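Worksheet: one structure, shown below.
Side chains are part of it too, since the values below use all heavy atoms of this structure and drop only hydrogens, waters and symmetry mates. In what follows, chains are A, B, ... by sequence order, proteins preceding strands, each numbered from 1. Quick caveat: nothing in here was measured; it's all calculated off a predicted structure.
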Protein chains: 2
Amino acid sequence: MDDRQPTLRDVAEAAGVAVSTASRALSRPGRISPRTEARVRDAADRLGYTPSASARALSSGRTSTVALVVPDVTNPFYFGLVRGTGARLRETGYVQVLVDTEESAEAEARALAGLRGTVDGAILASSRLDDDRLVRLASELPVVTVNRTVPGGAAPGVVLDTPSGIVQALEHLASLGHTRVAYAAGPRTSWSDSRRRAVLEPAAARLGLDVTVLGPYAPLRTAGPAAADAALQAQVTALVAFNDLLAFGVLERLEARGVPVPDQLSVVGCDDVFGADLVRPRLTTVALPMERAGRHAADLLVARLSGLGAPPGDPVVLPTHLVIRASTGPAPVR
Amino acid sequence: MDDRQPTLRDVAEAAGVAVSTASRALSRPGRISPRTEARVRDAADRLGYTPSASARALSSGRTSTVALVVPDVTNPFYFGLVRGTGARLRETGYVQVLVDTEESAEAEARALAGLRGTVDGAILASSRLDDDRLVRLASELPVVTVNRTVPGGAAPGVVLDTPSGIVQALEHLASLGHTRVAYAAGPRTSWSDSRRRAVLEPAAARLGLDVTVLGPYAPLRTAGPAAADAALQAQVTALVAFNDLLAFGVLERLEARGVPVPDQLSVVGCDDVFGADLVRPRLTTVALPMERAGRHAADLLVARLSGLGAPPGDPVVLPTHLVIRASTGPAPVR
DNA sequence: ATGAAAGCGCTAACAC
DNA sequence: GTGTTAGCGCTTTCAT
């Protein structure tokens, strides 16, 4: 009685059928007589058979694993996403490989190159790849993007309608009597940032707001103090930050300078990450349904991998909404 | 000119050598004449050759991937760990598969069963598996644990010396004049919690402290309010919480009840997760070198997988330290 | 409906 | 040092 893992051949022998029959019985139920199928299944779990993933991958060309590529696993912005894709992928029989590119396009490209062949497809979150490379990649590997579109619709994607959330924030501020507000921009290379800036102008005009763009700033807490000072200098009564992390740094600096929030300056964040309601005052911010985005992205990819699945087409856009907490209030009277 | 991926055979042909030679040249540099090796490498990247992971896995029996199994990816406690293992694993040529077991021993067992064969080994963080299953698993798959030991030393592991950090917290509180302190315990099944409780008694005696154990509580923010109320009821002047998440909830409740921290009650957390210095007052907490733990765990596993690597032996224990912030202060005079 | 047999791309003996 | 040759365990035509 040797202890090596039983192979399909062992199962076939035990069931008294050919390997091919056993293979069919196990991997494509239905194409086979119920009786033999039952016999095979029976033998299989009597022997404690577990198919070899690599053998299956080699002969079928499919690996049943997909990569989730994020710029920074420790950025709370991605938690929900990781959860969402992970859950859906598991449900559909895929294994998720989490890849951290450390905010570098190079590392992203390298990782993806190494993974080609190892994964059936990839979900790219906030990809740092430039359009060219993204398009090329999409032609070699089934890809779906999150918070980023591929030119020419080469890959399906899901995007969060953050611009709408930002407009909601502006409306909120306008309704509170603010007239001069600042937007602390994110990195110049941020796809999401440029989309938001496009809506700033028209929304401001419509609402009678005077919006000053500050930055760019790194989307980090450590960049916040500079943004806070710039806002103070700009004489605005409200600041909308590129993301919550930046807003945390802003709040910190304002506290240090003794500037009351929201009495003297209202602050709005974006993403509603873990911590947004831990800070004081609790942060008013734009909430993004990231877990849902993850499930959606996984669905899109799985559909493509299954052959079904409409060709790319327009990206799925998910709504966002402003969560009003304590960091925003009426404009100070002057 | 067909566009399928070039195989090792194509490379060999192009270089005018046998496949085996090409294989050696590419995967084990040194065992071959420098000239042929150069020729092969050359041909390889001229053709844009990428080895097939599954073929390699099938014939070698190694997959070059390892699983990192955590109870909850979205728990900030694991961020550093994920980073650390990921970084080290990447450096050593492994791909990391992140598995979220959603706090369930069943899910953990199931995931691991499905992964056997897909991964060369696994790093188990705060495994929810009972000793029996853990031992059995360790006999089937190279495993290293983090924050948990396997009975009989069946698997190497790295443990965080949290008990020492807790003692530091107690010393800190004693030095501030506190005499009655509470410990809000974690889940009864928590290995880490039981280790800490073991040091409570002796440390308290030595320091002349009266320590009351409250709980158990879920290690979540939502469990905090109950812990806060219990502490108030217990008439203590300081509370040490099982983890920061729980402490966050405690702080919240105290704020709601108008209890000044630390003036009336000092609060200590554990883990120093993201957010600990976002709350007000900033949380005094025990900092754990999780990223380092991750790198260490990865090293341990890689060593075992490479054949070298001393047999299990004692777990590596990493020091922790108390980070004093604003949530602790002198005991109130009475 | 089932079986026989040919690989998938690579590694690892084993010869030379 | 390099070539030959078996497989690794499975899926998949192609027959039957």
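Taking the side-chain hydrogen bond (donor to acceptor under 3.5 Å, both in side chains) definition, one finds that A:Glu103 meets it with A:Arg128, sequence neighbours left out. Applying the side-chain contact (heavy atoms from CB on, under 4.5 Å) criterion to A:Val95, with sequence neighbours excluded, gives A:Thr65, B:Val97, B:Leu115. For A:Asp299, the side-chain contact (heavy atoms from CB on, under 4.5 Å) criterion is met by A:Arg88, not counting sequence neighbours.
C:dA6 atom C1' lies 13 Å from atom CG of A:Leu58, rounded to whole Å. Atom CD1 of A:Ile32 and atom P of C:dG3 are 8 Å apart (whole Å). When rounded to the nearest whole Å, the span between CG of B:Asp10 and C1' of C:dC10 equals 13 Å. B:Leu26 has its CG atom 15 Å from the C1' atom of D:dT2, to the nearest Å. Look at CZ on A:Arg35: it is 14 Å from P on C:dA1, rounded to the nearest Å. One atom, CZ of B:Arg39, and another, C1' of D:dG1, lie 12 Å apart when rounded to the nearest Å. Going from atom CD of B:Glu37 over to atom P of D:dG1 covers 12 Å, rounded to whole Å.
Direction change of the helix axis from one end of the helix from C:dA1-D:dT16 to C:dC16-D:dG1 to the other is 30°, with five pairs defining each end axis (rounded to 10°).
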Close N or O pairs between protein and nucleotides 11-15 of chain C (under 3.5 Å):
residue: C:dT11; atom: OP1; partner: B:Arg56; partner atom: NE; Å: 2.7
residue: C:dT11; atom: OP1; partner: B:Arg56; partner atom: NH2; Å: 3.4
residue: C:dT11; atom: OP2; partner: B:Ser23; partner atom: OG; Å: 2.8
residue: C:dT11; atom: O4'; partner: B:Ser59; partner atom: OG; Å: 2.7

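Around CZ of B:Arg46, the count of heavy atoms belonging to other residues, nucleotides or ligands within 6.0 Å exceeds 12.
Using modelled atom types, one side-chain atom of B:Thr36 and one backbone atom of B:Ser33 make a donor-acceptor pair closer than 3.5 Å. With hydrogens and angles ignored, the 3.5 Å screen pairs a side-chain donor or acceptor of A:Asp120 with a backbone N or O of A:Ser64. At least one donor-acceptor pair closer than 3.5 Å links the side chain of A:Ser27 to the backbone N or O of A:Ser23.
Out of D:dC10, D:dG3, D:dT2, the shortest distance to the side chain of B:Val17 is found at D:dG3. Nearest to the side chain of B:Ala18, among D:dT4, D:dG9, D:dG1, sits D:dT4.
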Please set out all donor-acceptor pairs under 3.5 angstrom arising from side-chain atoms of residues 144-152 of chain A, sequence neighbours excluded.
residue: A:Thr145; atom: OG1; partner: A:Arg148; partner atom: O; Å: 2.6
residue: A:Arg148; atom: NH1; partner: A:Ser127; partner atom: O; Å: 2.9
residue: A:Arg148; atom: NH1; partner: A:Leu129; partner atom: O; Å: 2.9
residue: A:Arg148; atom: NH2; partner: A:Leu129; partner atom: O; Å: 2.9
residue: A:Arg148; atom: NH2; partner: A:Asp131; partner atom: OD1; Å: 2.7

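Note on A:Ser54: every side-chain N or O is 4.0 Å or more away from OP1 and OP2 of D:dC10.
Taking the six-membered ring for Trp and the full ring otherwise, B:Phe274 and B:Phe77 have centroids separated by 6.0 Å or more.
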